[in-house]
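Take a look at the structure below.
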Amino acid sequence: MRQPNSTTTREYLKPPITEVGVLGWIRQNLFNSWFNSLVTLLALYGLYVTILPLFKWAFVDSLWFSSADACRDIDGACWSIIPANARFIFFGFFPEDQQWRPLTAMILLFALVFYTQDRRSWNRALFPIWACGLVLMGWLMHGGLGLPVVETAKWSGLPLTLMLSLFGMVSAYPLGILLALGRRSKLPAIKSLCVLYIELIRGVPLISMLFMSSIMFPLFLPEGINIDKVLRAQVAIILFTAAYIAEVVRGGLQAIPNGQYEAADSLGLNYGQAMRLIILPQSLKIVIPPSVGILISAFKDTSLVVIIALYDVLKTTKVTLSNPKWMGSSTEAYLFLAVLYFIFCYAMSSYSRKLEKTLHTGH
Amino acid sequence: MTDKRIQQTPSSTDRPIIEIIGMHKWFGEFHVLSDINLHVLEKERIVICGPSGSGKSTLIRCINRLEEHQRGQIFVDGIELTNDIKNIEKVRAEVGMVFQHFNLFPHLTIVENLTLGPIWVRKMPKKEAEETAMMYLEKVKIAEQAKKYPGQLSGGQQQRVAIARSLCMNPRVMLFDEPTSALDPEMIKEVLDVMIDLAEEGMTMLVVSHEMGFAKRVADRVLFMDEGQIVEQNNPHDFFDNPQHERTKLFLSQIL
């Protein structure tokens, strides 16, 4: 007969050592059959022959701060190309004695983004803070009022990349929302205009939009009027990204149950209030993951501006590589660029995950 | 539910707050409501019953224009419902609606759900709106949940919040569209109790419901609808004990 359980007689045993912990995990997942053991060993060997030499190349035999000549005699990576050319890679043709200006502008931008990422700072003050920050950044980059003027043609490197992508995203998102609402409008004129816009833009590659903005568009302008080239590229990027955002947001709008629209209507809220207070907050939350996907690809697509002779950070790196002294270090330079792009993209995607979590309200 | 009927005099004011005259509605080709004539007096409590698909929900949804009617006229508090969006918004602010599936706003806390209408439609200061909200939450016995989100509440609690949300707009009329149909049996009573309290306070109510106990206790008039028409209407006593129409008899024999 079984005794009823009681804390005095019950003996708590530890599970066998081979079943839990690191050893247990390894046994269960890597060596649970002869075939899996073989695969594990083969994989370990594969890692040994690839990772080890790569590590040796990147960290052991490498040079970090040296002249170009010193790099010729080593087997490892010549990372020296980055510090030696950092000024040009980051700031391009911005006058050397003024380069503190784009540097300050970028620091200001990062500070603003960092301030904004905290949800507690999403209040009425946010808009004027950004407005001041943007005016200040514009002044630092362009000059005037005591600073020497730097033409936008000389804006290049990382500030150009960040500016094109940040303004691209921030302006494309509201425009995309308006297009999505327009596409669901009951008014046929608005609806068909939005459909036409979205489908036209989505049917054209970004490169052709950039070409049109830089070559075709000026032909239609009256003589003497000249719209800045960077601005034209910026507008092309905004118009392009907005069309994609619009379709994602429309998907989010369709995911909201009809009852939400009806509840908002039956309280007497007008269309604008219902959208702003009830429908959009819910649907934009749903579409955070695909939106961030679009924003990330928009960020990377800014590198296409090279084809209209704007020098973003990818192009300035390529220019550095055309210098005979550094020609041999293209692998290192591109790896550096990859890491740079990765940092920004990863920051965006991990922030979006954090945002999803904080906005979750248990439904 | 007890048999005790709430005593009141519906004809104390003779002004109809809702007037529906010769109203027809179609969904595409389907003639869902046919020649509806209905006058609702102030403080009157009407329960509408009928088989599913008889148009009872559509009827009350026409009263705050969640559905459009195609022929006839509807007046709410003297305002005719037409395509004029300003009039529609005015009527909606005066008419509270409680849905079968609650339709609380899941991204807002309970108290935010309640203050939204007063703040944005009535332009009430936030503090005052919050005080009103807490008062109505007390009334539906759920004040301790004010800071939670709808997703954290049970169905019965959510429906009580939905009622409180409508009350915060201080409506002249309350419409209930099968308010207890989506609830588990043990939660139906807590919602009905709130509705009974409301009826006792003299709120004008139109309730689409199959809760016959509720109808017997609070209704001044019970409407039976079938195939888009009001087949029979009577006071609850005569309606249940002495139905006139064959279809009413059949329906009552099926649900009682």
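In what follows, chains are A, B, ... by sequence order, proteins preceding strands, each numbered from 1.
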Could you report the tightest heavy-atom contact between A:L267 and B:V121, atom names first, then the distance?
O-CG2, 3.7 Å
Taking every non-hydrogen atom, the tightest pair across B:E89 and A:G268
CG-O, 4.0 Å
From A:L269, A:N270, A:D265, residue fulfilling side chain to side chain contact (heavy atoms under 4.5 Å, CB included) relative to B:R92:
A:D265
For B:L175, is it the side chain, the backbone, both or neither that has a heavy atom under 4.5 Å from a heavy atom of chain A?
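For B:L175, there is no contact with chain A at all, as no heavy atom is under 4.5 Å.
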Could you tell me whether a side-chain N or O of B:H107 sits under 3.5 Å from a main-chain N or O of A:S283, the two making a donor and an acceptor?
no
Residue among B:M169, B:R61, B:K86, B:Q100 with most heavy-atom pairs under 4.5 Å to chain A:
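When all of B:M169, B:R61, B:K86, B:Q100 are compared, B:R61 has the most.
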Residue selection (most heavy-atom pairs with chain A, distance under 4.5 Å) from B:V95, B:T109, B:L108, B:L104
B:L104
Is there a side-chain contact between A:S266 and B:F99 (heavy atoms, below 4.5 Å)?
yes
Is the count of non-hydrogen atoms from other residues, nucleotides or ligands lying under 6.0 Å from A:Y351 atom OH greater than 12?
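It does: A:Y351 OH has more than 12 such atoms within range.
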Measuring heavy-atom distances to chain B, does A:Q260 have an atom under 4.5 Å in its side chain, in its backbone, in both, or in neither?
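For A:Q260, backbone and side chain are both near chain B.
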Should A:E262 and B:M97 be marked as a side chain to side chain contact (heavy atoms under 4.5 Å, CB included) after you check the CA-CA gap, both sets of side-chain angles, and the distance that decides it?
CA-CA 9 Å; A:E262 289 177 356; B:M97 178 121 188; over 6 Å; no
